[in-house]
Asks: 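Mind looking over this structure? Questions follow.
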Amino acid sequence: MADVPAGRLPKPQMRGLLISHLKRHGAIALVFSMGVTLAYKLAVADPRKRHYEEFYKNYDVKREFEAMKEAGIFNCARPSWEQAAEED
Amino acid sequence: MATPAQLGLMDAASPVMEEMIYFHDHVMLVLILITCLIFYSMLVLISSKYIYRFLTDGHVIETVWTVIPAIILVVVALPSLKLLYLTDELDSPQLTIKGVGHQWYWSYEYTDYYDIEFDSYMLPLGDLNKGDARLLEVDNRVVLPVDTSVRMLVTAADVIHAWTVPSLGLKMDAVPGRLNQLALQCSRVGTFYGQCSEICGANHSFMPIVIEAVPVETFEAWCDAMLDSE
């Protein structure tokens with residue numbers, strides 16, 4: 001053990017450690033939180049807005065209503081097959 | 001309607017509810033920013049082996065952590081107030097409907113162009129068809145024309161109720177002796193469900209609201225059918 005030369009430890013920072021830590025970790029915290037926020041915006045918020053825009057861009061009230069009516073969703077407008085069955 | 005294990009808001013069926021969803025996303029951004037900042041700060045503080053023994057004051061940091069939350073509050077408050085006033089905007093409604101809360105059902109009156117009145121009771125379990133929603137279906141639904149500005153006047157006949165349809169972003173107290181106004185506009189056809197939202201007695205949970213948004217022609221045909229049946 002004595003024949004192995006001891007390496008010199010780096011000199012520790014003697015002054016201003018708190019300030020330097022605050023600056024370093026403050027920057028990391030800011031980047032981390034802004035990154036996660038941006039990820040939520042890009043992955044959730046913006047796609048949701050686009051989804052609504054695309055839904056209403058070519059929304060056809062009549063087509064949707066007819067499909068729902070035939071599925072028997074509405075009470076005020078019954079499907080054609082039900083009306084035909086009643087007539088029979 | 002809401003589905004089991006649903007975490008987010010229901011899909012919007014009105015422009016106001018869409019804006020509420022976007023505002024919710026906006027506030028979530030702020031919350032995620034704050035949570036990540038605090039989470040990282042806690043991680044660093046817990047894992048640090050150093051203590052600053054000569055810490056007596058921190059005027060700069062105290063100013064920073066006072067001003068930044070104030071700015072964050074303004075960033076949240078401004079869109080919030082804009083949305084709040086948007087919910088009250090009623091631009092030349094083409095139809096007015098009165099909804100009256102009773103113990104324990106709703107009654108509706110269409111008195112603009114026709115004289116239509118009906119009660120809306122919850123369908124009991126034995127009267128449900130296959131596929132119907134338990135505790136949400138009613139015998140007579142509120143039929144509205146789609147893409148039409150509607151004024152909903154809400155009141156009550158006995159105790160305080162609340163008329164709610166989450167998909168449309170609507171909730172208004174029904175107070176006896178008072179008329180509360182709601183601006184209602186359905187952007188798409190379909191059926192939209194809600195429940196009484198103010199405790200009103202034993203069957204408070206059993207007086208739901210169902211809206212059918214249909215094209216104008218179907219709405220007019222329904223009105224004629226209702227008049228004929230009366």
Side-chain angles (χ1 to χ4, degrees), chain A residues 12-79 82-83, chain B residues 8-9 11-12 15 18 21-22 24-26 28-41 43-45 48 50-52 54-55 58 61 64 129 131 137-147 186-191 210 212-219 221-223 225-226:
Chain A
Q13 187 178 345
M14 305 300 282
R15 294 177 194 278
L17 194 62
L18 178 64
I19 293 288
S20 65
H21 268 211
L22 280 175
K23 283 181 186 170
R24 182 164 167 262
H25 288 294
I28 296 172
L30 208 62
V31 168
F32 169 63
S33 54
M34 303 268 289
V36 175
T37 304
L38 189 67
Y40 181 88
K41 184 179 188 314
L42 295 175
V44 176
D46 289 347
R48 205 199 306 270
K49 265 194 186 155
R50 272 197 306 274
H51 182 75
Y52 274 100
E53 278 174 23
E54 280 160 24
F55 179 82
Y56 284 109
K57 204 189 310 185
N58 298 314
Y59 183 71
D60 187 344
V61 168
K62 290 277 188 307
R63 186 188 67 214
E64 295 295 326
F65 173 71
E66 287 302 321
M68 287 187 191
K69 189 179 99 167
E70 290 306 309
I73 303 262
F74 298 110
N75 282 357
C76 67
R78 299 309 297 163
E82 196 177 284
Q83 289 168 5
Chain B
L9 297 165
D11 287 340
E18 269 183 59
I21 290 173
Y22 302 152
H24 176 266
D25 284 337
H26 171 74
M28 276 301 292
L29 291 178
V30 174
L31 289 178
I32 285 170
L33 185 79
I34 295 168
T35 304
C36 289
L37 266 171
I38 300 299
F39 175 74
Y40 183 77
S41 303
L43 206 64
V44 166
L45 284 168
S48 171
Y50 298 115
I51 295 173
Y52 185 47
F54 307 108
L55 185 66
I61 196 168
V64 166
N129 299 318
E137 300 291 350
V138 297
D139 53 0
N140 299 311
R141 296 173 170 181
V142 179
V143 179
L144 295 176
V146 74
D147 282 333
C186 301
S187 310
R188 55 187 171 94
V189 292
T191 48
V210 184
E212 283 189 354
V214 296
V216 174
E217 303 80 21
T218 311
F219 171 72
W222 173 81
C223 290
M226 290 294 285

Asks: For B:F219, which atoms come within 4.5 Å of any heavy atom of chain A: side chain, backbone, both, or neither?
Replies: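 Contact with chain A: none, neither part.
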Asks: Could you state the interatomic distance from OG (B:S41) to CG (A:L22), rounded to the nearest 0.5 Å?
Replies: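 These two atoms lie 9.5 Å from each other.
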Asks: Contact between A:Y59 and B:V189 at the side-chain level, heavy atoms closer than 4.5 Å - yes or no?
Replies: yes
Asks: What part of B:T35 gets closer than 4.5 Å to chain A, counting heavy atoms only: side chain, backbone, both or neither?
Replies: neither
Asks: Checking heavy atoms, do the side chain of A:M68, its backbone, both or neither come under 4.5 Å from chain B?
Replies: side chain
Asks: How long is the span from the OH atom in B:Y40 to the CG atom in A:L30, to the nearest 0.5 Å?
Replies: 11.5 Å
Asks: Is chain B contacted by the side chain of A:L18, its backbone, both, or neither, given a heavy-atom distance below 4.5 Å?
Replies: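 It is the side chain, since no backbone atom gets that close.
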Asks: Under the salt bridge (charged side-chain N to carboxylate O under 4.0 Å, His left out) rule, collect the residues that match up with B:E217, sequence neighbours excluded.
Replies: A:K62
Asks: Tell me whether B:L55 at atom CG has more than 12 heavy atoms from other residues, nucleotides or ligands lying less than 6.0 Å away.
Replies: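 Atom CG in B:L55 is crowded, with more than 12 foreign heavy atoms closer than 6.0 Å.
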Asks: Which heavy atom of B:A12 sits nearest to which heavy atom of A:Y56, and what is that distance?
Replies: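 Where B:A12 meets A:Y56 most closely, the heavy atoms are O-OH, 3.9 Å.
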Asks: At what distance, to the nearest 0.5 angstrom, does CG of B:L45 lie from NE2 of A:H25?
Replies: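 These two atoms lie 9.0 Å from each other.
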Asks: For atom CZ of A:R24, is the number of surrounding heavy atoms from other residues, nucleotides or ligands below 6.0 Å larger than 12?
Replies: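 Result for CZ/A:R24: open.
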Asks: Test side chain to side chain contact (heavy atoms under 4.5 Å, CB included) on A:Y52 and B:I21 and set out the steps.
Replies: CA-CA 11 Å; A:Y52 274 100; B:I21 290 173; 3.4 Å; yes
Asks: Looking at CZ of A:R48 and CG of B:D25, how far apart are the two atoms once the value is rounded to the nearest 0.5 Å?
Replies: 4.0 Å
Asks: My understanding is that only one of B:L33, B:L29, B:L31 makes a side-chain contact (heavy atoms from CB on, under 4.5 Å) with A:Y40; could you say which?
Replies: B:L29
Asks: Okay, side chain of A:E64, backbone of B:R188: is any donor-acceptor separation there less than 3.5 Å?
Replies: no
Asks: Report the distance from atom CE of B:M28 to atom NZ of A:K41, rounding to the nearest 0.5 Å.
Replies: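 So the CE of B:M28 and the NZ of A:K41 are separated by 14.5 Å.
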Asks: Do A:T37 and B:C36 touch side chain to side chain, with heavy atoms closer than 4.5 Å?
Replies: no
Asks: If I compare all heavy atoms of B:E212 with all of A:I73, which pair ends up nearest, and what's the gap?
Replies: OE2-O, 4.2 Å
Asks: Would you call the rings of B:F39 and A:F32 parallel, tilted or perpendicular, taking 30° and 60° as the class edges?
Replies: tilted
Asks: Is B:A213 in contact with chain A via its backbone, its side chain, both, or neither, using a 4.5 Å heavy-atom distance?
Replies: backbone
Asks: Mind listing the closest non-hydrogen atom pair of B:D147 and A:V61 along with its distance?
Replies: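 What the structure gives for the nearest pair is OD2-CG2, 4.2 Å.
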Asks: How many angstroms lie between OG1 in B:T218 and CZ in A:F74, if you round to the nearest 0.5 Å?
Replies: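 Between B:T218 OG1 and A:F74 CZ, I get 8.0 Å after rounding to 0.5 Å.
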Asks: So for B:D11, is it side chain, backbone, both, or neither that comes closer than 4.5 Å to the heavy atoms of chain A?
Replies: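 Both parts, backbone and side chain.
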Asks: What part of A:L38 gets closer than 4.5 Å to chain B, counting heavy atoms only: side chain, backbone, both or neither?
Replies: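 When you check distances to chain B, no heavy atom of A:L38 falls under 4.5 Å.
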